[in-house]
Amino acid sequence: MRIIKSKYYGIIRGVTVGIAFFLQIGIMVFLSMYLIQFATEIYFILELISIAIAFELVNNAESYKIGWIVIILVLPVAGLFLYSMWGRSRKNSRYFRRFREIDANRTRQIMNDDAVAQDLEIDHPNKVQISRYLRKEGFPIYKNTKVVYYEVGEKVLSAMIADMKIAKKFIFMEYFIVSEGRIWEEILEILTQKVKEGVEVKLLFDDFGTLKINTHAFRTEIKARGIQMCIFNPIHADVARMSFNYRNHQKITVIDGNIAYTGGFNLADEYANYVQRFGHWKDSGMRLCGEGVYSFTCFFLDMWRISNKNIKIENEAYKPSINLEEEGYVQPFMGGPHRNPHNPTEGAYTRMINKARDYIYITTPYLVLDQKMLEDLTSAAESGVDVRIIVPKIYDKWYVYMVNVSNYGKLMEAGVQVYEYTPGFIHAKNVVVDDECAICGTINTDYRSFYLHYECGVFVSEIDAVKDMKDDFLNTIEQCDAMDMIRWSKRPIGNKLIQGMLKIISPLL
């Protein structure tokens, strides 16, 4: 069976949006050149406005906008035009207001259990501030949830597919990337069978991540199978405001309201190492079973509402139907650009780092740090905390790898140990701290995850999965190349120049 009948459809859409994007840049540059030649007074006024905006950005707490300062100062008027279109805050846009309304509604529906929070305060008084912060942001903490950590994508995908086969009520799936191959074909056949059995199936995919597979034929076939599908934020929807930059990077599967999966993996063969892309692909994921699943169900339904403006759906109908007695704590959370500049995804990471006493172990494919997080990591290392970070040696994006490398110096000077994973590409997004707590999810340590993408993760404490994540990290180090200041300082001059330039504009990459 073959779903895609026009494999070039996605490429054509992407190229069309790209042309529109660069055409706008060209128009802005041409307009600024026209003004400097034929309307110098107007050009001078706009140049003064550009300088004023640059000063305002310097004092702005949103550090990811520093890249715009460079653009505005290098191209005063053209940069001003571009910033007015793409760089300005959209906090009060109708789109973001709707997101905040949905967030507020979810917070009202999912009540915080104060007794559970108090138990955590007794068990881990040194880490309770992390949970308090997430609770204040609207994310309740749960007990009675069994958590399993998977150290590679093939294991988590195999477990997820097995659980999907026994679904009785509903299956919700939300993913950034879906690609044709063994994984997707197997999942699609299961979903088709489940629809025949009366199971409700909803699929929510990001448009950019599914560009190749998202054809008219694909959507028609999905509908014919009785599966409900929605595409998040079509890339052509609002090119003029660069809204295509706001991607849904969440990875969620919910089965019957009782089981949920999240992590770095998408629905493509490389995540299970069925195909080789950049060597061995190492990812990670978590399976939740019990009360804590309800937050992931609500996250999915929130994004479904955003993508279906007039739909009415009640969360209560999808609550967990099993009762477990499990020790430990789980606290799913999510974030997105509608919450800037105080995004819970970055907030959870920074609080994990700042509360560490003994060690911080971070696994990430992208080490594109803003100044605040760089200072948090270096400060922790300088205070005696064992800070270790694993990044890929074999990269998927050369320019991001260049920015990764540019950050090594300051980190290593402060005592942070940096390791590059040698067998292939490491895509896992984990943080483990002090044998007490951890985060697993979709969150990269980069500007996109902290400011531009919709992300999700789960904060866990007092469960075996924390130890499993630590053991996985230490085992992975055995397959890594440890970086040092001597090797880093001897990298080619050309690389240093490229890395320096890319780091300046890294918030825009």
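None of these values were measured; they are calculated from a predicted model.
- At least one donor-acceptor pair under 3.5 Å links the side chain of Tyr349 to the backbone N or O of Ile443.
- Look at Lys467 and Asp435 and you find no salt bridge, because none of the NZ, NE, NH1 or NH2 atoms lies under 4.0 Å from a carboxylate O.
- Comment: Lys282 engages Asp472 in a salt bridge, judged by a side-chain N to carboxylate O separation of less than 4.0 angstrom.
- Note that the OG atom of Ser307 and the CG atom of Asn233 stand 8.0 Å from one another [nearest 0.5 Å].
- Although no hydrogens or angles enter the test, the distance criterion places a donor-acceptor pair under 3.5 Å between the side chain of Asp206 and the main chain of Phe208.
- Classified by interplanar angle (parallel below 30°, tilted 30° to 60°, perpendicular above 60°), the ring pair Trp281/Phe278 is tilted.
- Annotation: the span from Glu200 atom CD to Lys169 atom NZ amounts to 12.0 Å, rounded to 0.5 Å.
- Note on ring orientation: taking the six-membered ring where Trp is involved, the planes of Phe139 and Phe299 are perpendicular (angle over 60°, cut-offs 30° and 60°).
- Each of Ile353, Leu411, Val416 was compared with Val387 under the side-chain contact (heavy atoms from CB on, under 4.5 Å) criterion, and only Val416 meets it.
- The distance from atom CD of Glu327 to atom CD1 of Ile463, rounded to the nearest 0.5 Å, is 11.5 Å.
- The residues Lys355 and Asp434 are annotated as not salt-bridged, no charged nitrogen and carboxylate oxygen being separated by less than 4.0 angstrom.
- The local environment of CG in Asn105 is crowded, with over 12 non-hydrogen atoms from other residues, nucleotides or ligands closer than 6.0 Å.
- Note on Lys194 versus Glu197: salt bridge recorded, some NZ/NE/NH1/NH2 to OD/OE distance being below 4.0 Å.
- Side-chain contact annotation: Ser284 with Glu151, donor-acceptor N/O pair under 3.5 Å absent.
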